[in-house]
There are 2 protein chains.
Amino acid sequence: MTKPPQAGSEDATAGLRAIPEASVARLAVYLRKLGELAEEGAETVSSDELAGATGVNPAKLRKDLSYIGSYGIRGVGYEVAALVHQLERTLGLNHRQAVALVGIGNLGHALAGYGGFGGRGFPVAALFDVDPDLVGIHINGILVEHVREIPRVCADRGVTIGMIATPGQVAQGVCDLLVEAGVRCILNFAPVVLQVPDEVEVRKVDLAVELQILAFHVARKNLATAATAPAVNGHAARGVVNGSGGLAE
Amino acid sequence: MTKPPQAGSEDATAGLRAIPEASVARLAVYLRKLGELAEEGAETVSSDELAGATGVNPAKLRKDLSYIGSYGIRGVGYEVAALVHQLERTLGLNHRQAVALVGIGNLGHALAGYGGFGGRGFPVAALFDVDPDLVGIHINGILVEHVREIPRVCADRGVTIGMIATPGQVAQGVCDLLVEAGVRCILNFAPVVLQVPDEVEVRKVDLAVELQILAFHVARKNLATAATAPAVNGHAARGVVNGSGGLAE
DNA sequence: CGATGTGAAACGTTTCACAGCG
DNA sequence: CGCTGTGAAACGTTTCACATCG
């Protein structure tokens, strides 16, 4: 397609190069659904089925799968087991990714105990905090160590992914330590924009921002309903915008 | 621009209509940074400054702000206080949004206690679970009620945003209850794709997917370094691809 | 002059429509 | 015939470059 970059390149390299970011995110979703389908005993899925179950347009799904050098069978669909295997390979789930979690507060605790990680190929290999009450204890069998140990411990245990769940003020400092330790992919839960070198990939999960986006849509919907009905009505925004009887606080 | 929809529309309606999704997400980020700047006593910011602090291209920032009917001063920048006010109005933060949280497990506990919500205009108005050990207790002063109460309680308290932090198997059922209760914006932490009517807005926070995206990038980077360096170096991937001495599990 | 606001080009993503194969 | 795989069109987003104005 684009053109063969080099003649003798492994198929591993060939497939991985040019997958759009947006597709990668969906591949993970397909993979999860395929896991469920496999458990239910399904042997094949059509793009329509899988697309329906994952809330995606079938054409988009087929294009996504075509990026990984697809293994579909025309007239039939995709073989579930084979597709699972290809997706896992593409997403780098064939070699385990050791994860370090920094910040064992409310959220950190929850993340440390979250089944979705260890269960699905992301063993939490290290926990860090600065609180003396936390350093030294074990969570889910993992020792909480002091943040200053990050460079040593991460290097030792081959940590490839860091998760930051600290308060915002210290997140950048923690990030710098992780980068120093050679961690090049970071999942940031702290409400700050991290500054990192180009070679480091940061993804952000920002709960406050998510809520604000939804708040925007609440406002949009209120205006929409206020605008549809009233053309005749004068000022129909009445109870909609400010009609919250009595909130809990 | 697009065209004035109706002559005498309030400026509130005029500005809100056509803001791109991608911009809305960033507006929330600008708002947070502006809050910090205000606390530091800044009176104005230039697009370059604010863009730098939020990791965004300055032109993009200016375009984003132009959507809300911008209040910048040429040659100077933006007045911080005024911009904060405009952003809050645009994001629907002037009237509080009552939030309901369903699923008080690991993650739910953390969310219920998270300061970023109540502090910033999102009072948690209701908590729900099915576990008899949880129903009846208070968390952060809020009573945990049974999931079956969702329709009544949400309607009573004017809940506009629902958060689902349940196991995947029950998330769709919970979602249906929320929708039935009139909640039209949902933040979903459960690892499933929710099926909702068109008028309901769902945003998904999917930790496992985030990690898998990062895992993909780890794999990509390994291939990149394996491909760039070694032209001279032989096999430079040394400890990178399979150098994980001993993982924790 | 310096920073905003914005057409227009570049880029990425989604969707359509259908050729091609099992 | 049915479903995949994929050019090409449509759409949304980002970036550039510069006119505009305080």
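In what follows, every chain begins at residue 1, and chains take the letters A, B, ... in the order their sequences are listed.
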What nitrogen or oxygen pairs link the protein and nucleotides 3-5 of chain D at under 3.5 Å?
from: dC3(D); atom 1: O4'; to: Gly75(A); atom 2: N; distance (Å): 3.1
from: dT4(D); atom 1: OP1; to: Ser47(A); atom 2: N; distance (Å): 2.6
from: dT4(D); atom 1: OP2; to: Ser47(A); atom 2: OG; distance (Å): 2.5
from: dT4(D); atom 1: O2; to: Arg74(A); atom 2: NH1; distance (Å): 3.1
from: dG5(D); atom 1: OP1; to: Ser70(A); atom 2: OG; distance (Å): 3.2
from: dG5(D); atom 1: OP1; to: Gly72(A); atom 2: N; distance (Å): 3.1
from: dG5(D); atom 1: OP2; to: Ser70(A); atom 2: OG; distance (Å): 2.9
from: dG5(D); atom 1: OP2; to: Tyr78(A); atom 2: OH; distance (Å): 2.6
from: dG5(D); atom 1: O4'; to: Arg74(A); atom 2: NH2; distance (Å): 3.1
from: dG5(D); atom 1: N7; to: Arg62(A); atom 2: NE; distance (Å): 2.8
from: dG5(D); atom 1: O6; to: Arg62(A); atom 2: NH2; distance (Å): 2.8

**Fill in**
Rounded to whole Å, CG of Asp64(B) lies from P of dT6(C) at a distance of 13 Å
**Message:** Side chains of Tyr114(B) and Leu207(A), heavy atoms from C-beta outward: is any pair under 4.5 Å?
**Reply:** yes
**Item:** Leu61(B) side chain reached by Asp48(B) side chain, heavy atoms, under 4.5 Å
**Value:** no
**Request:** Calculate the interatomic distance between Lys60(B) atom NZ and dG5(C) atom P; express it in whole Å.
**Result:** 18 Å
Pairs under 3.5 Å (N/O, protein and nucleotides 8-12 of chain D):
from: dA8(D); atom 1: N6; to: Lys63(A); atom 2: NZ; distance (Å): 3.1

**Prompt:** Would you find a donor on one side and an acceptor on the other, under 3.5 Å apart, between the side chain of Lys221(A) and the backbone of Glu199(B)?
**Reply:** yes
**Request:** Could you tell me whether the phosphate oxygens of dT13(C), OP1 or OP2, come under 4.0 Å of any side-chain nitrogen or oxygen in Asn57(A)?
**Result:** no
**Item:** Side-chain donor-acceptor contact under 3.5 Å, Thr160(B) with Gln97(B)
**Value:** yes
**Message:** When you measure from the side-chain N and O atoms of Arg26(A) to the phosphate of dT13(C), is any distance below 4.0 Å, counting only OP1 and OP2?
**Reply:** no
**Prompt:** Donor-acceptor pair, Asp176(B) side chain versus Glu180(B) backbone, under 3.5 Å?
**Reply:** no
**Message:** Looking at Ile19(A), is its backbone amide N or carbonyl O close enough to the side chain of Ser23(A) to form a donor-acceptor pair, meaning the two atoms are under 3.5 Å apart?
**Reply:** no
**Request:** Starting at atom CG of Leu61(B), determine the distance to atom P of dA3(C), rounded to an integer number of angstrom.
**Result:** 14 Å
**Request:** Kindly determine whether Glu21(A) and His217(B) satisfy side chain to side chain donor-acceptor pair (under 3.5 Å), including the steps that lead there.
**Result:** CA-CA 10 Å; Glu21(A) 273 291 321; His217(B) 286 291; 2.6 Å; yes
**Request:** Determine the minimum heavy-atom distance between Val183(A) and Gly162(A), stating which atoms define it.
**Result:** CG1-N, 3.5 Å
